[in-house]
Student: 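Below: one structure in structure tokens.
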Amino acid sequence: EKGGYEHFMLKEIFEQPKSIHDTMRGRLLVDEGVIKMAGIWDHVERFKNANRIIIIACGTSWHAGLIGEYLIEEYARIPVEVEYASEFRYRNPIITDKDVVIAISQSGETADTMAALKLAKEKGAFIYGICNVVDSSIARITDAGSYTHAGPEIGVASTKAFTAQLTILTLIAFKLGKHNGTLGNAEFMSLIAELDAIPKRVEEVLGTTHELVQNIAKDFVNATNFLYLGRGYNYPAALEGALKLKEISYIHAEGYPAAEMKHGPIALIDENMPIVIIAPKKGHYDKIVSNVQEIKARKGKVIAVVNKGDQQVSSMADYVIEIPETSECFSPIVASVPLQLLAYYIAVYRGANVDQPRNLAKSVTVE
Ligand code: F6R
């Protein structure tokens with residue numbers, strides 16, 4: 001049932017070209033220039049006229065939510081806030097019937113997310129679900145929603161569900177942007193064509209980085225700390241990369257927006273600190289270059305995720321992982337793949353139980 005892979009996690013990482021494609025199937029109609037999503041379309045005026053959209057989630061799904069904020073604000077120009085479900089529900093949040101609340105949950109059973117949604121519903125908000133498990137509790141109490149069709153995710157560390165969540169959020173942002181007139185037709189057409197090709201980009205990145213990342217992982221089996229840095233859309237991707245490593249390898253890791261480094265974490269950098277930097281060309285590249293210079297001046301070990309043909313960051317980095325170039329909004333999907341592999345192989349070489357990490361459960365049904 002692991003399809004020849006040693007662990008479910010690796011199988012699920014490799015399933016991503018298909019799971020992303022499945023999530024778009026029947027929704028993204030490139031030739032017609034249409035995104036079909038009944039859940040959004042039936043309530044499109046509620047979204048359009050929302051005071052704001054509040055995204056609630058936990059863990060990896062919360063990271064997807066942060067990227068959703070960048071997507072929806074950039075393309076649909078609707079204000080978005082992203083909250084941890086556990087914080088939101090206990091702070092008497094200000095919600096009205098003019099708000100739209102989107103819950104993101106792979107399992108659809110997370111207790112805090114469920115409770116936060118119930119609260120939002122009581123206050124009259126329109127509630128929307130992005131779940132992977134069909135007919136789950138969250139999917140059932142929402143007013144409308146879109147399933148990620150990633151298929152069952154068995155590995156406790158979320159991988160293909162995350163990239164499927166990003167795919168749905170991208171579709172929603174583009175659909176709302178087109179409807180609101182904030183995303184012009186020409187740009188819409190070119191973005192959806194690019195989105196349609198993302199499964200191929202992911203396939204490509206799996207092929208070109210798998211062995212390389214496996215080798216890089218060998219050098220970090222005894223690491224005790226890691227920093228992950230990114231800017232813009234790749235700041236949440238850095239958080240997610242760090243979470244994957246923590247969960248399955250038990251190495252302490254932190255994700256940071258790269259520019260925040262000088263406000264504290266830079267004090268940690270010495271020759272023993274590995275730092276993963278996500279630095280695609282379209283994503284504040286020049287700013288990242290200076291972050292890398294600051295790190296190298298302190299002898300940090302840089303593992304850089306860059307676009308093919310990159311020179312500046314690559315010439316300073318200790319390890320270089322190349323990913324294909326995309327519009328910035330798609331780069332977290334593509335960049336996440338080698339980071340999943342890195343966490344996976346470091347954990348495997350440490351002899352950890354990758355599919356069932358200690359202390360973790362696949363669905364967190366208690367708060
Ligand atoms: C990370 C992970 C957890 C979940 C979190 C939310 O790999 O698995 O952080 O993302 O518990 O779970 P769902 O999405 O089921 O609500």
Side-chain angles (χ1 to χ4, degrees), residues 7-13 15-16 19 23 55-68 82-89 101-118 120 127-142 145-169 228 236-251 253-255 332 336-337 339-344 346-347 352-367:
H7 296 99
F8 282 109
M9 184 176 172
L10 191 61
K11 170 175 177 262
E12 288 160 3
I13 291 171
E15 268 170 10
Q16 290 175 110
S19 51
T23 296
I55 298 179
I56 53 175
C58 305
T60 288
S61 298
W62 183 80
H63 296 153
L66 290 178
I67 295 168
V82 189
E83 298 245 19
Y84 283 118
S86 56
E87 287 298 315
F88 177 82
R89 59 183 287 211
V101 172
I102 300 179
I104 307 177
S105 177
Q106 187 286 128
S107 63
E109 302 296 343
T110 301
D112 278 318
T113 309
M114 183 70 181
L117 261 190
K118 283 187 180 152
I127 61 173
Y128 199 87
I130 299 177
C131 297
N132 193 45
V133 176
V134 174
D135 211 30
S136 52
S137 304
I138 290 172
R140 275 188 271 117
I141 74 151
T142 43
S146 308
Y147 284 116
T148 46
H149 294 298
E153 192 180 61
I154 313 292
V156 164
S158 186
T159 54
K160 64 173 180 169
F162 174 68
T163 49
Q165 289 165 344
L166 297 184
T167 304
I168 287 285
L169 289 161
Y228 284 72
L239 296 180
E240 175 59 10
L243 180 62
K244 285 290 85 85
L245 187 70
K246 279 183 267 207
E247 287 184 288
I248 60 171
S249 76
Y250 318 135
I251 294 172
E254 279 193 75
S336 288
V337 174
L339 301 191
Q340 294 166 348
L341 289 169
L342 183 66
Y344 173 80
I346 291 177
N353 186 347
V354 175
D355 282 335
Q356 296 260 290
R358 68 188 185 200
N359 309 339
L360 296 176
K362 187 64 189 161
S363 91
V364 184
T365 52
V366 291
E367 65 172 285

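Residue indices begin at 1 and follow the sequence shown. Read the numbers this way: they start at 1 and go in the same order the structure lists the ligands and their atoms.
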Student: Under 3.5 Å, is there a donor-acceptor pair linking the side chains of Thr163 and Gln16?
Tutor: yes

Student: Number the atoms of ligand 1 from 1 as they appear, then name those within less than 4.0 Å of a heavy atom of Ser158, with their elements.
Tutor: 7 (O), 8 (O)

Student: Starting from atom 4 (C) of ligand 1, which protein heavy atom do you reach first, and at what distance in Å?
Tutor: Thr60 N, 4.1 Å

Student: Does Thr110, backbone or side chain, put an N or O under 3.5 Å from an N or O of ligand 1?
Tutor: yes

Student: Show the numbers, then the answer: is there a side chain to side chain donor-acceptor pair (under 3.5 Å) between Ser137 and Glu109?
Tutor: CA-CA 6 Å; Ser137 304; Glu109 302 296 343; 2.5 Å; yes

Student: Sub-3.5 Å donor-acceptor pair from the side chain of Thr148 to the main-chain atoms of Cys131, do we have one?
Tutor: yes

Student: Would you say ligand 1 has an N or O under 3.5 Å from any N or O of Gln165?
Tutor: no

Student: At a 4.0 Å threshold, what atoms of ligand 1 neighbour a non-hydrogen atom of Ser61?
Tutor: 10 (O), 13 (P), 14 (O)

Student: Which residue supplies the protein heavy atom nearest to atom 11 (O) of ligand 1, what is that atom called, and how far is it?
Tutor: Val364 CG2, 3.9 Å

Student: Any atom of ligand 1 sitting under 4.0 Å from a heavy atom of Ser363?
Tutor: no

Student: Specify the protein heavy atom at minimum distance from atom 2 (C) of ligand 1: its residue, its atom name, and the distance to 0.1 Å.
Tutor: Glu247 OE2, 3.4 Å

Student: Hey, does Leu243 come in under 3.5 Å of ligand 1, counting only N/O atoms on both sides?
Tutor: no

Student: Can you pull out the closest protein heavy atom to atom 5 (C) of ligand 1? Residue, atom name and distance to 0.1 Å, please.
Tutor: Cys58 O, 3.7 Å

Student: Hey, what's the ring geometry for His7 with Tyr344, parallel, tilted or perpendicular (30° and 60° as the breaks)?
Tutor: perpendicular

Student: Can you list the atoms of ligand 1 that are under 4.0 Å from a heavy atom of Lys244?
Tutor: 1 (C), 7 (O)

Student: Mind checking whether Trp62 and Pro236 have side chains closer than 4.5 Å, heavy atoms only?
Tutor: no

Student: Suppose I only count heavy atoms of Ala157 and a 4.0 Å limit; which atoms of ligand 1 are within that range?
Tutor: 7 (O)

Student: For Asp135, does its backbone N or O pair with a side-chain atom of Tyr147 as donor and acceptor, under 3.5 Å?
Tutor: yes

Student: Quick one: do the Thr60 and Glu240 side chains pair a donor with an acceptor below 3.5 Å?
Tutor: yes

Student: Among all the protein's non-hydrogen atoms, which is closest to atom 8 (O) of ligand 1, and how far away is it?
Tutor: Val156 O, 3.1 Å

Student: Minimum heavy-atom separation for Val82 to Gly65, with atom names?
Tutor: CG2-O, 3.5 Å

Student: Quick check on contacts: which atoms of ligand 1 are under 4.0 angstrom from a heavy atom of Ser105?
Tutor: 13 (P), 14 (O), 15 (O), 16 (O)

Student: Polar-atom distance check: Ser107 versus ligand 1, any N or O pair below 3.5 Å?
Tutor: yes

Student: Taking all non-hydrogen atoms of both residues, which atom of Lys244 and which atom of Ala157 are closest, and how far apart?
Tutor: CE-CB, 3.7 Å

Student: Within the side chain of Glu153, is there an N or O that forms a donor-acceptor pair under 3.5 Å with the backbone of Lys160?
Tutor: yes

